2 protein chains.
Amino acid sequence: MRPKKIPESTIKRLSIYLRELKSLSNEQIKFVSSQELSERLGFSAAQIRKDLSYFGQFGRVGVGYSVEELKDIIEGLLGVNRKAWKVAIVGAGKLGSALASYSGFSNRGFAIEACFDNDPKKVGTFLGSVKVENSDKIPTVLRKKEIKIGMIAVPKDYAQKVAQELLKGGVKSILNFAPVKISIGKSVHVRDVDLSTELEGLAFYLSRE
Amino acid sequence: MRPKKIPESTIKRLSIYLRELKSLSNEQIKFVSSQELSERLGFSAAQIRKDLSYFGQFGRVGVGYSVEELKDIIEGLLGVNRKAWKVAIVGAGKLGSALASYSGFSNRGFAIEACFDNDPKKVGTFLGSVKVENSDKIPTVLRKKEIKIGMIAVPKDYAQKVAQELLKGGVKSILNFAPVKISIGKSVHVRDVDLSTELEGLAFYLSRE
DNA sequence: TCTTGTGAAGTTATTCACAGCG
DNA sequence: CGCTGTGAATAACTTCACAAGA
């Protein structure tokens, strides 16, 4: 089963399953069925089972899944069980600052290890515990610290250039908050989060009621 | 063609088309073909044409689409051409503040009109130009101001309660940044943005290289 | 020629439904 | 019995490919 193609949507859900399993673990719940997960998360039970089946057989017939075991398995799949992934943020504006101090990341296996801005007034200041460095240092700092994930939180006209610098620094994944498409070789995974696009999607439904 | 079911994914792309059309408009470009849009956005030309065809026939054979005209049409479809949609933010922490001052929203037809927090120390302070009010005022303020969109930027344990208050206030759409599933009647559209989930998705690919 | 709009075909994702096992 | 795991069926989405218009 392992070497089969895994839908992108399955990966996104894995992360949500993990989130819920951590809650269940906190609630001291030991076992959970796909049906129960379904009710808590709003995905169908069949989908949950199918998603998990891409990776192996983790359930116990008649019982369900061991919360702790499944949690560990998904953490392993996502690679968030070992040492925290190092992340760099480019852009120390409002959004960059909010990202830098967002506790959700450290709780989930990510550590902000570097931060950059091209504004001399911001260079040298601190975002949380990380000192802001000049953007021209991106490639060297990233290589030195072996950072593989970058977040882009700069105005849209700079985003493409920043992405190229991240690439030079050896980054393998980019979370892009700038409202533009990043064009970059497919050695790098790019995921876009455009907050206005999300709102516009909601507005579409609103405006036809 | 109008009363046919429109894929969710088409809606998301509409917003991205609009974003690009605004750029093209700034660049004084008058016409654009699906092929050109395809190259700029990374979706296939056929997909762009098909997406647009759900709503009507906007192109000119042999020429492409009028940038201004298509921009206006998509703005109309998304309902972002008329008076700005009013938005409320609940949670005046780091993320809430960043959202409140994010210029991307006002540029794209959304206006932050109310902001709430349950921390008395925050009530009365200003987020941008909006005064923070106590969360127990959510239903009344929202009804008075006729706000139909809410953003949840509170810790996860409060998110569900906040959603219910938003519902009482007559909200029709929610953009939820808290890392929990919101359970609410389907009279309300909920879209979740979990930043850690996005990062975990990237980590999945990283950890198998 | 170039380009749209669109049925048809192809692909991908989700749900069904049930065998098999505890 | 209850529940998983999964092939088969269905649904959803994307791409193909081409007629027709400028």
Side-chain angles (χ1 to χ4, degrees), chain A residues 1-17 20-21 24 29-71 73-74 77 181 201 204-205, chain B residues 1-17 20-21 24 29-71 73-74 77 181 201 204-205:
Chain A
M1 200 78 342
R2 191 62 61 98
K4 207 171 151 188
K5 219 189 77 254
I6 315 237
E8 171 82 11
S9 36
T10 292
I11 310 305
K12 285 195 118 153
R13 285 190 296 267
L14 275 188
S15 171
I16 295 171
Y17 301 155
E20 197 61 28
L21 287 163
L24 289 164
I29 293 167
K30 298 300 176 201
F31 289 91
V32 66
S33 66
S34 57
Q35 180 58 40
E36 288 164 332
L37 277 174
S38 165
E39 283 154 18
R40 284 172 164 253
L41 296 175
F43 308 121
S44 77
Q47 176 155 79
I48 293 169
R49 294 199 302 275
K50 170 82 57 169
D51 282 343
L52 296 174
S53 79
Y54 287 117
F55 303 100
Q57 305 180 179
F58 310 126
R60 285 213 249 151
V61 173
V63 177
Y65 302 89
S66 155
V67 170
E68 293 304 319
E69 191 190 313
L70 189 55
K71 177 165 81 65
I73 287 165
I74 297 181
L77 291 171
K181 202 223 154 196
F204 173 82
Y205 295 106
Chain B
M1 201 79 340
R2 192 64 61 97
K4 207 171 151 189
K5 219 190 75 257
I6 316 238
E8 171 83 11
S9 36
T10 291
I11 311 306
K12 286 195 118 153
R13 285 190 297 267
L14 275 188
S15 171
I16 295 172
Y17 301 156
E20 197 63 28
L21 287 163
L24 288 163
I29 293 168
K30 298 300 175 202
F31 289 91
V32 66
S33 66
S34 58
Q35 180 58 40
E36 287 163 333
L37 278 174
S38 165
E39 283 154 18
R40 283 172 164 253
L41 296 176
F43 307 121
S44 78
Q47 176 153 80
I48 293 169
R49 294 199 301 275
K50 170 85 48 171
D51 281 344
L52 296 174
S53 79
Y54 286 116
F55 303 100
Q57 304 180 179
F58 310 125
R60 285 213 250 150
V61 173
V63 177
Y65 302 88
S66 155
V67 170
E68 292 305 319
E69 189 190 315
L70 189 55
K71 176 166 81 65
I73 287 165
I74 297 181
L77 291 171
K181 203 222 155 196
F204 173 81
Y205 295 107

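Numbers restart at 1 for each chain; the letters A, B, ... are given by sequence-line order, proteins then strands. Since this is a predicted model, take the numbers as computed values, not measurements.
Computed from coordinates, the B:Leu52 CG to C:dT6 P distance equals 11 Å when rounded to whole Å. Taking atom CD on B:Gln35 and atom P on C:dT1, their separation rounds to 16 Å, with Å as the unit. For B:Leu70 and C:dG5, the CG to P distance is 10 Å, given to the nearest whole Å. The distance between atom CZ of A:Phe55 and atom P of D:dT4, rounded to the nearest whole Å, is 18 Å. Separating the CZ atom of A:Phe58 from the C1' atom of D:dC3 is a distance of 17 Å, rounded to the nearest angstrom. Atom pair A:Ile48:CD1 and D:dC3:P shows a separation of 14 Å (rounding to whole Å applied). Regarding A:Arg49, its CZ atom lies at a distance of 16 Å from the P atom of C:dG20, rounded to whole Å. Atom NZ in A:Lys12 sits about 12 Å away from atom P in C:dT14, given to the nearest Å.
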Polar atom pairs between nucleotides 12-15 of chain D and protein, under 3.5 Å, N or O only, would you list them?
residue	atom	partner	partner atom	Å
D:dT14	OP1	B:Arg13	NH1	3.1
D:dT14	OP1	B:Gln47	NE2	3.4
D:dT14	OP2	B:Arg13	NH2	2.9
D:dT14	OP2	B:Gln47	NE2	3.3
D:dT14	O5'	B:Gln47	NE2	3.1
D:dT15	OP2	B:Ser44	OG	2.8

List, with names and distances, any nitrogen or oxygen atoms from the protein found under 3.5 Å away from nitrogen or oxygen atoms belonging to nucleotides 20-22 of chain D.
residue	atom	partner	partner atom	Å
D:dG21	N2	B:Gly62	N	3.4

Start with the C-alpha distance between A:Glu8 and B:Tyr205, add both sets of side-chain angles, then the distance that settles side-chain hydrogen bond (donor to acceptor under 3.5 Å, both in side chains), and finish with yes or no. CA-CA 10 Å; A:Glu8 171 82 11; B:Tyr205 295 107; 2.7 Å; yes
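Between the A:Ser34 side chain and the A:Ile48 main chain, no donor and acceptor come within less than 3.5 Å of each other.
Minimum heavy-atom separation, A:Phe58 to A:Glu69: O-OE2, 3.9 Å. Between A:Val67 and A:Leu21, the closest heavy-atom pair is CG1-O, 3.6 Å.
Residue-environment remark: CZ (A:Arg13) exceeds the threshold of 12 foreign heavy atoms within 6.0 Å.
A close approach under 4.0 Å does not occur between any side-chain nitrogen or oxygen of B:Ser34 and OP1 or OP2 of C:dT3. Proximity of A:Tyr65 to the phosphate of D:dG5: a side-chain N or O atom is located under 4.0 Å from OP1 or OP2.
Between A:Lys71 and A:Tyr65, the closest side-chain pair of non-hydrogen atoms is not below 4.5 Å. Inter-residue side-chain proximity for B:Leu77 and B:Ile11 is flagged as unmet; no heavy-atom pair is nearer than 4.5 Å. Two residues are said to be in side-chain contact when any heavy atoms from C-beta on lie closer than 4.5 Å; B:Glu39 and B:Gln35 meet this criterion. Taking 4.5 Å as the limit, some side-chain heavy atom of A:Phe55 sits within range of a side-chain heavy atom of A:Ile6.
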